[in-house]
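Below is one structure, written out as structure tokens; comments come after it.
Sequential numbering from 1 along the given sequence is applied to the chain's residues.
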Amino acid sequence: MSKVTVVGAGNVGATCANVLAFNEVADEVVMLDVKEGVSEGKAMDMMQTAQLLGFDTTVVGCTNDYAQTANSDVVVITSGIPRKPGMTREELIGVNAGIVKSVAENILKYSPNAILVVISNPMDTMTYLSLKALGLPKNRIIGMGGALDSSRFKYFLSQALGCNANEVEGMVIGGHGDTTMIPLTRFATYKGMPVTNFISEEKLNEVAAATMVGGATLTKLLGTSAWYAPGAAGAFVVESILHDQKKMIPCSVYLEGEYGESDICIGVPVILGKNGIEKIVELDLNADEKAKFAASAKAVHGTNAALKEVGAL
Ligand SMILES: NC(=O)C1=CN([C@@H]2O[C@H](COP(=O)(O)OP(=O)(O)OC[C@H]3O[C@@H](n4cnc5c(N)ncnc54)[C@H](O)[C@@H]3O)[C@@H](O)[C@H]2O)C=CC1
Ligand SMILES: O=C([O-])CC(=O)C(=O)O
């Protein structure tokens with residue numbers, strides 16, 4: 001029996017739960033929210049699609065009842081507020097730090113062996129906070145951002161190339177912020193060939209820029225931040241863990257010297273399997289990429305420092 005809990009049954013959490021159920025990633029998916037009846041209602045709505053879509057996963061909803069989350073294998077944390085147009089993700093720290101910390105502590109009481117996937121923003125800092133507050137081994141705390149940013153990168157690349165996004169490879173590392181993301185254009189390929197064989201350097205820079213502000217662009221269009229790709233990216237990360245797929249996915253993980261950084265959670269490629277982070281993959285970055293990574297880490301360190309100011313650490 002595999003069990004996944006999704007905390008926060010809002011836009012991202014409910015979408016994530018829906019993808020987990022539709023793809024039968026787990027036997028049971030529990031959604032928990034503080035809003036009375038919302039998780040229960042969304043779970044019932046999803047269960048009423050089971051025979052239409054043909055899945056066997058059981059989806060359960062509950063209002064702040066952590067006993068129902070007991071013995072989860074993986075827990076996805078999406079609780080907290082999303083940004084509005086014109087805001088940065090970092091501005092959410094004051095509200096979200098308290099929510100994420102209390103949720104993570106409650107989860108651990110009932111699922112002491114769970115692997116945590118943190119989605120709430122500012123995600124790298126919320127991942128760092130969860131790690132510091134819970135004191136769990138670093139392989140069990142994973143921030144989701146790079147899976148989404150890389151999917152957006154591949155989307156924008158496919159638009160520029162005029163091709164199928166499934167035939168494009170690319171990764172985004174660094175912080176999950178409008179100015180801290182690093183789309184690795186040098187490593188991007190179309191059917192194994194460098195994308196620079198097909199598009200100009202200028203076009204590639206436009207793709208990278210669009211990727212970095214991908215979340216902000218959608219927030220402006222929607223009035224709140226995105227959820228379809230974020231929810232699906234959360235489920236993608238959960239699936240690699242729960243099914244021991246050992247996929248290489250950029251995730252926000254605790255570094256102890258890798259990429260020249262320490263005491264930080266930031267996006268780097270990792271192998272995700274049944275133990276959570278099974279390996280951190282060290283890419284051979286060039287001088288420009290190294291400088292961008294160092295600048296990104298400096299910014300994330302700055303946001304982490306605010307955890308003390310808001311009394312979360
Ligand atoms: N890391 C990433 O790539 C992404 C992160 N996000 C972040 O995910 C978070 C959620 O976004 P949305 O789902 O769009 O927001 P939303 O407002 O639709 O849903 C958030 C849910 O959290 C619930 N919640 C608040 N406090 C809670 C608590 N203590 N316990 C349980 N539930 C609680 C709310 O009642 C609400 O239903 C935001 O912080 C957003 O910035 C969103 C997209 C991508
Ligand atoms: O843009 C936001 O605030 C939500 C998010 O992290 C994303 O969609 O990448």
How far apart are the closest heavy atoms of Pro269 and Leu283, and which atoms are they? CG-CD1, 3.7 Å
Note: Asp263-Lys132 ion pair, threshold 4.0 Å (strictly below): yes
Identify whether the distance between the nearest side-chain nitrogen and carboxylate oxygen of Glu91 and Arg83 falls below 4.0 Å. no
Enclosure of Lys220 NZ (heavy-atom neighbours >12, cutoff 6.0 Å): no
Electrostatic pair Lys274-Asp73, nearest N-O below 4.0 angstrom: no
Minimum heavy-atom separation for Val25 and Leu242, please, with both atom names. O-CD2, 3.5 Å
Just do the side-chain contact (heavy atoms from CB on, under 4.5 Å) check on Met123 and Ser252 with the steps written out, would you? CA-CA 8 Å; Met123 181 278 295; Ser252 186; 3.6 Å; yes
Applying salt bridge (charged side-chain N to carboxylate O under 4.0 Å, His left out), run through Glu289 and Arg186 and close with a yes or a no. CA-CA 9 Å; Glu289 291 152 356; Arg186 188 169 64 94; 2.7 Å; yes
So which heavy atom on Val168 is nearest to which on Cys163, and how close? CG2-SG, 3.5 Å
Test item: Ile77 and Ile119 side chains (from C-beta on) under 4.5 Å apart, heavy atoms: no
Can a salt bridge be assigned to the pair Asp288 and Lys290 using a cut-off of 4.0 Å between side-chain N and carboxylate O? no
Show your reasoning for whether side-chain hydrogen bond (donor to acceptor under 3.5 Å, both in side chains) applies to Ser2 and Glu28. CA-CA 6 Å; Ser2 58; Glu28 185 180 358; over 6 Å; no
When you check the gap from the basic side-chain N to the acidic O, do Lys138 and Glu258 get nearer than 4.0 Å? yes
In terms of ring plane angle, is the pair Tyr66 and Tyr110 parallel, tilted or perpendicular, where the classes change at 30° and 60°? parallel
Within a 6.0 Å radius of atom CG on Asp284, are there more than 12 heavy atoms belonging to other residues, nucleotides or ligands? no
To the closest 0.5 Å, what do you measure between CG (Asp149) and OG1 (Thr211)? 8.5 Å
Go through the steps to decide whether Lys42 and Asp33 satisfy the test salt bridge (charged side-chain N to carboxylate O under 4.0 Å, His left out), and finish with yes or no. CA-CA 11 Å; Lys42 289 193 180 182; Asp33 203 288; over 6 Å; no
Evaluate whether atom OH of Tyr155 has more than 12 neighbouring non-hydrogen atoms of other residues, nucleotides or ligands under 6.0 angstrom away. no
